[in-house]
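This report refers to the structure that appears directly beneath it.
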There are 2 protein chains.
Amino acid sequence: MSTVEPPPSPSSAPLDERELRAWRGLLRAHASMCKALDAELEAVHGLPLTTYEVLMYMHDAPDRKMRMCDLADCILLSRSGLTRLIDRLQRDGLVARQSCTSDARGAYAVLTEEGAKTLEAARATHLAGVRRLFLSRFTPAEQELLGDAWERVMPGACTPGACAGPPPGC
Amino acid sequence: MSTVEPPPSPSSAPLDERELRAWRGLLRAHASMCKALDAELEAVHGLPLTTYEVLMYMHDAPDRKMRMCDLADCILLSRSGLTRLIDRLQRDGLVARQSCTSDARGAYAVLTEEGAKTLEAARATHLAGVRRLFLSRFTPAEQELLGDAWERVMPGACTPGACAGPPPGC
DNA sequence: CCGTGATCGTTGCGTACGCAAGGACCCGAA
DNA sequence: TTCGGGTCCTTGCGTACGCAACGATCACGG
């Protein structure tokens, strides 16, 4: 009976069909959904997905403002990347900069009134998109399982204090 | 008993804890793994992850060569993006271009001997990485479930003929 | 009080990518 | 045959990002 394989694969053997479906499926599903959500958000509200994320985190933070470094950690962007992203949003009037009294090095990014309005409009689109493309494919129980799966995967993805303050709301 | 909520969420309501774990977990897990795999591959073999993908698809294709457009579809890159990626790999001697006899518009990208050697060396690293960071966290049965999940999500991600020729091997 | 090392935000530079336009070519219908 | 529409690859241009270096500031030990 040579059909029984050694259970633990040698770690350098090519991925079998099952492993490929799990791994490549993740890559493709992620790419597919992100592309679709980004295009939709851009088409309807003129917002790139990254911008939406920033506005969202700020909206859910106390006083609608966040330290630059915390924001960068939350949206998985380098500090320089965030600097320039905030530059753009400031130019478009969606956020403002505010110096930090307790730490003269630091800076806050604050959501403006217009930023809040823009976010509110975009939120419905984005949430509907996430539900339509992703969440609606799974039962609540399956969603729980997926959540568990990610926690098993994360080596600590956002490891240290994860996203310190404001990750609760959406 | 106001603790019983209307089962189908209004589609524009904020994501609840369970939905957040499933959705944001996916985003973070994907980012975390890709960043780690890319860094590892770059450190050990000087290859970006995108390059690895191209070499891999070519390696598994008949005659170690693929049409540019098919390759672009497989690795989810725009045609212009692929043109320049192949430019770089050609400069580094990992692939060569070859004109297509049956269609004078077309071009093949062919894996060179050096490209094959480089890929072979990198393959062990990458496969080990994928197993260590992802596959090893799940039982075979769970991997099957994940694969099923992605198929439910794909609106057809790689829709039309998906990846025509060569997606079987890894 | 004064270093010393770490942290914060910014900037210069290089890289990777997408979109739109262009030239070469294929194919099917008039 | 010729023509019109579509496909393939490339190129010019603009954008987004990361890394490394910088100045300003903080925290802390002597």
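So you know, we letter chains A, B, ... as the sequences are listed, proteins then strands, and number each from 1.
Considering only the side chain of B/T83, D/dC9 comes nearest among D/dG18, C/dT10, D/dC9. Of all nucleotides listed (D/dC26, C/dG9, D/dG18), C/dG9 comes nearest to the side chain of A/A107.
Atom CD1 of B/I75 and atom P of C/dA16 are 13 Å apart (whole Å). Between B/R91 atom CZ and C/dA16 atom P there is a gap of 8 Å when expressed in whole angstrom units. Rounded to an integer number of Å, the gap from B/Y52 OH to C/dA16 P is 19 Å. The distance between atom CG of A/D73 and atom P of C/dC8, rounded to the nearest whole Å, is 8 Å. D/dC9 atom C1' lies 14 Å from atom CG of B/L85, rounded to whole Å. In this structure, the CG atom of B/L47 is 17 Å from the P atom of C/dT15, given to the nearest Å. Rounded to an integer number of Å, the gap from CD of A/E53 to C1' of D/dC17 is 16 Å. In this structure, A/D38 atom CG and C/dC17 atom P are separated by 16 Å, rounded to whole Å.
If you check every strand for non-hydrogen atoms under 4.0 Å, A/R84 touches a base. As judged by a 4.0 angstrom heavy-atom cut-off over every strand, A/R67 is placed among residues touching the sugar-phosphate backbone only.
Contact annotation: A/R88 side-chain N/O to D/dA16 OP1/OP2 distance is under 4.0 Å. Of the side-chain N and O atoms in B/R79, none sit less than 4.0 angstrom from OP1 or OP2 of C/dA21. Taking side-chain N and O atoms only, B/T50 has a distance below 4.0 Å to OP1 or OP2 of C/dC17.
Between B/H30 and A/H30, the two ring planes are parallel [angle under 30°; tilted spans 30° to 60°].
Two residues are said to be in side-chain contact when any heavy atoms from C-beta on lie closer than 4.5 Å; A/L37 and A/Y52 fail this criterion.
Residue side chain B/S78 does not reach the base of C/dC19 through any donor-acceptor N/O pair under 3.5 Å, judged by distance alone. Contact annotation: side chain of A/S80 to base of D/dC17, donor-acceptor pair absent below 3.5 Å.
Here the CH2-CZ distance, from A/W150 to B/R28, works out to 13.5 Å after rounding to the nearest 0.5 Å.
When each of B/R97 and A/D103 is assigned the nucleotide of DNA chain D with its nearest heavy atom, B/R97 is the one assigned upstream, toward the 5' end. Between A/L82 and A/R105, it is A/R105 whose nearest contact on DNA chain C lies nearer the 5' terminus.
The number of heavy atoms from other shown groups lying within 6.0 Å of CD (A/E120) does not exceed 12.
Using modelled atom types, one side-chain atom of A/S136 and one backbone atom of A/R131 make a donor-acceptor pair closer than 3.5 Å.
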